[in-house]
Amino acid sequence: MKRSLAVGAALAAALAWGATRADVPSEVPGVAPAPPLSPHWVFLTDAAFFHLTEGKIVVVDGDQGKVVAKLSTGYLANSLISPDGKRLYVAETFWSRGTRGERTDVVTVYDMTTFLPVAEVRLPGRFLAVTQPYNMGLSADGRFLFLFNMTPATSVVVVDIEAGTVVGEISTPGCALVLPGKDKFVMPCGDGTFLQVTLDAAGRETSRGRTPKPVFDVDADPVSERPATTGTGYAFTTYGGMVHEVNLSGGDPVYAAPWSLTSAEEAAAGWRPGGWEQVAYSPHTNELFVSMHQGGPGTHELPGPEIWVYSLADKKKVRVIKPVEPVISIAVSRDDKPIVAAITETLALSVMDAASGAETVNLPGLLELGLVLETP
Amino acid sequence: MKRSLAVGAALAAALAWGATRADVPSEVPGVAPAPPLSPHWVFLTDAAFFHLTEGKIVVVDGDQGKVVAKLSTGYLANSLISPDGKRLYVAETFWSRGTRGERTDVVTVYDMTTFLPVAEVRLPGRFLAVTQPYNMGLSADGRFLFLFNMTPATSVVVVDIEAGTVVGEISTPGCALVLPGKDKFVMPCGDGTFLQVTLDAAGRETSRGRTPKPVFDVDADPVSERPATTGTGYAFTTYGGMVHEVNLSGGDPVYAAPWSLTSAEEAAAGWRPGGWEQVAYSPHTNELFVSMHQGGPGTHELPGPEIWVYSLADKKKVRVIKPVEPVISIAVSRDDKPIVAAITETLALSVMDAASGAETVNLPGLLELGLVLETP
Amino acid sequence: MSLIDGWFEKSARGVARRVSRRSAMARLGQFLVGAALVPVLPIDRAPRAETAADPGDPTQCDYWRYCGFDGFLCTCCGGSVSHCPPGTSVSNVTWIGTCLNPADNKNYIISYNDCCGQGSCGLCLCNTNQGETPVYRPQLNNDIVWCFGATNMSYHCTIGAVLGTA
Amino acid sequence: MSLIDGWFEKSARGVARRVSRRSAMARLGQFLVGAALVPVLPIDRAPRAETAADPGDPTQCDYWRYCGFDGFLCTCCGGSVSHCPPGTSVSNVTWIGTCLNPADNKNYIISYNDCCGQGSCGLCLCNTNQGETPVYRPQLNNDIVWCFGATNMSYHCTIGAVLGTA
């Protein structure tokens, strides 16, 4: 250590002399602040299938095509951005010795101006599965975080993220995932019904109910577990190509009659939705974007060579986007100049103009198993 | 859970009926025991440069070309096999939250019959660098584990691995790595001298000394920090192609006069050692194996398209092995039918007959940054 | 029983397809049956050898027992077709499939047990999605880490043990 | 002083070479100087923009300041050439190099600070070994994780800030 101090002093002397004739000014190394959140930022959650205990969240500026930050996560993390854009919530799992030892489940709260963790809430458990968005949800006011759990008994953990406390764990036998609405959440169940759980202002269950009969036929044509979040609730695609919309904007949830993504001819040609996050919604245009491919039963995760765009008002296809290569997951920004962000089958991030479909950014090599896309 | 139990019972009934006519007998799933340790097993430590917190030790049967087991490790792990072949010692570092939080440094003791951890010793610290073998050493009797540490002040941590306790930390300013001998260890130092530290039966320092003058010229031709372990001590290669042998079999270390790996013609043609573990030793044939390439200053880590084999008794080249592709690291088994195991520049494991040089096994795709090879 | 019939019917999947490493649809998972209930049956505890009755290469994804497989083949990772690699722990909460043995043209019930407690093996990824259902019907979902019965939930690889004929 | 002269001489490395991803010689590391002693000098705190005085693309390994670089370029990871990405911490125990600026043909002293506290960035690996010495001479060794001055020792990427002319 003595040596390094001596060196430092000598260096400072050398620099003081050198600085007088420098063309490039001296710089003080530091840490860059995060740029202000843009509606065109894309958050990619990479489960890193070959190193599951060191996952990543890659934040990309979808306009500039540049990495904003890369955050390491624990095992099979989920993340959500707070409604005010000031916080990033990451649910993650660690073991005290990497892949063994004591298990710890937490929600880590990041400050979006520094991307540093500022708080942590310990969880009683969380669902461990290939990362998908509806493992975790946030109440509309941003106060409660809901985390699906499976042990394999199923439940929802309610966290008061403002207070930093776990409110409780709500048993939800036979039902999975968590889709928040106003003062409640709903969950699809194994028999095709939906469970709804209503909460009070403290996040505690006040009542629950199941739809009196199945909303969809779980054997013939199940809904995908990764719907789009629409202006009023959720739009689920089915394996076969129907859309089930759930309206959670009022009191009791309203389950609309399903409509078809395909004409009889298109269906006969095998067109159906596929991929991971296969459907996304643009609030600005009230359009639904669906990753479509031609295939049969069991192809519900095949990447889509086309993205079909529907007017949600008319339930009609309005245009087709042809991405540069088939897409696994898609997300659409919520602003008035929407972009489509897609993870392609080669795990590149492709950003397209939502209106024209023209690709504006293509970033290969970012991801190992980047399955989940979010925009603020 | 009720459902699964009901299913299980029904299934058992179905199976009891089915089993009466089965051609393939039923099996009870379980965990395989490890096969008995072979001198041709190869232990590869993979630092996983793109996911440093989840490294791996890959154990391969060098005869069959099959994976025996893959063990996950913490950050930049080192490993050693106990002299009796019954234990594997892994020095590793964890943080409580993956890449952040509280740091814990440990030696984990694995039972080689199960590859399960059976004990752990907490360390006061350890050296974090691209994995290399002489970060850690074991006394000849297998009782003391020595771990180099840098904070950046340098020291050696002594662990009584049988008792599971840290004996102490020995300050070693200006010197690095740890090369155990009988009742002592030596370390190369930044001025070209060697430090020797003598220990008592309890692993405590009793005396120390430095060679009165430099053993090698640290500016003109430094020794690589990854020598071969020979029958009597260590054989270091230098960047330029000399060999420095250190004999630790007697009382005080003996530093032999260096000899050259290359003739004047070979040196003029640029032949010199390179790679990571660039030199290995066969006790059975008393031969030194060196990864050689043609290059100039700064190429000391270039993979070797040839492996030159030397008689250590005569200090003469006796043959040349031409691996299927240039090699980064080599190890030679200690038995009487020696194999050469090599990590190639494409990160394949290549196993060759040490006498003929013929490749017997080639396993691509095993490694991400597999730098360190060991044989029992 | 109708539930079981439904499963078995759904899980008769024909030929498994091999998935490239770069496939983003790489999956974990299995689903559940109480394997602990089975040991009343006659059991072969010896390691499997290829026989006329059990043809094929268990280190390849097209081996007949892997018709409903999802994950890394333990046979590439130090395990056997019925035993987890040393250093791991076997989950007894498993997913099962029904696979046709080409040697005797019979359907066998295969238990796909996850081996857990180490990070991903990373070798011999093998994956099918025929008959998979969303996570709200977990018995047929293969995205879930089915390590519930193991010492911990860190997924390493998956085996395919014969439970009996279907 | 002779030690410093020796360093600077050794670290005048000419053109950096780019290393492919698959290169097993992928390296971390830096070496040490007390960067905290430097701020007596006139400082530009604005983000760097390409100028006639500072030519080239800092997201490429052949940018002039990276003549002695080893690791992932922070400019690909959300940082700048002189600032670590958000979410990391900068180590002030660093390695330095002397690089020739082609615009003014002067040698500049470059501070290579590791950015730490996240896992490997994994993008834009850039590496040279000219002048590297073994770890027993750590000032010139680039295998060491030089995060000693950061909040923790988990390596993410490396910056290259101008300290002044040599």
Side-chain angles (χ1 to χ4, degrees), chain B residues 1 3-35 46 48 51 53-61 66-74 88 110-117 363-368, chain C residues 1 3-4 7 21 32-45 47-48 51 53-54 74 76-90 92-94 96 101 103-104 106 108-109 111 113 115 117-123 139 154 156 159 161-166:
Chain B
M1 288 305 291
R3 175 182 288 173
S4 72
L5 290 176
V7 168
L11 176 65
L15 292 179
W17 173 76
T20 59
R21 57 180 175 88
D23 293 327
V24 180
S26 297
E27 296 157 331
V28 174
V31 179
D46 189 344
H51 296 273
T53 64
E54 188 184 314
K56 279 195 177 72
I57 295 170
V58 186
V59 186
V60 177
D61 183 317
K66 283 186 180 172
V67 171
V68 173
K70 294 185 83 168
L71 307 177
S72 296
T73 71
L88 179 71
Y110 284 86
D111 178 338
M112 292 272 268
T113 65
T114 61
F115 285 114
L116 290 172
L363 292 176
L366 273 185
L367 301 170
E368 287 158 276
Chain C
M1 284 302 289
L3 180 61
I4 294 184
W7 287 12
R21 270 277 179 101
L32 80 177
V33 80
L37 295 172
V38 179
V40 292
L41 302 175
I43 295 304
D44 175 14
R45 290 180 189 275
R48 179 214 173 261
T51 62
D54 187 0
C74 286
C76 296
C77 309
S80 71
V81 71
S82 64
H83 279 68
C84 291
T88 68
S89 124
V90 61
N92 60 6
V93 180
T94 78
I96 59 171
N101 181 346
D104 58 14
K106 288 177 187 166
Y108 285 74
I109 301 166
S111 171
N113 302 64
C115 303
Q118 298 286 352
S120 293
C121 164
L123 301 172
Q139 308 90 328
S154 179
H156 185 65
I159 61 173
V162 164
L163 293 184
T165 47

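Treat the numbers as computed from the prediction; the structure is a model and nothing was measured. Protein chains get the first letters and strands the later ones, always in sequence-line order, with residue 1 at the start of each.
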Next item on the list: May I ask you to decide if C/G87's main-chain N or O and C/Q118's side chain share a donor-acceptor pair within less than 3.5 Å?
Entry: yes
Notebook entry, point to check: Has the side chain of C/D104 got a donor or acceptor atom that lies under 3.5 Å from a matching backbone atom of C/A53?
Noted result: no
Item checked: Most chain C-contacting option - heavy-atom pairs closer than 4.5 Å, from B/A69, B/G30, B/S72, B/A32 -> B/G30
Checklist line | Toward chain C, the part of B/K70 with a non-hydrogen atom under 4.5 Å | finding: both
Margin query: Check the SG atoms of C/C115 against those of C/C77: under 2.5 Å or not?
Written below: no
Item checked: Part of C/S89 within contact of chain B (heavy atom distance under 4.5 Å) -> backbone
Next item on the list: Give a yes or no answer on whether the side chain of C/Y108 reaches the backbone of B/D23 with a donor-acceptor pair at less than 3.5 Å.
Entry: yes
Next item on the list: Report the option among C/G79, C/S154, C/C84, C/C121 that has the most heavy-atom pairs separated by less than 4.5 Å from atoms of chain B.
Entry: C/C84
Check: Would you say the side chain of B/L71 lies within less than 4.5 Å of the side chain of B/L88, judging by non-hydrogen atoms?
Finding: yes
Item checked: Heavy-atom contact with chain B under 4.5 Å, split by part of C/C74 -> neither
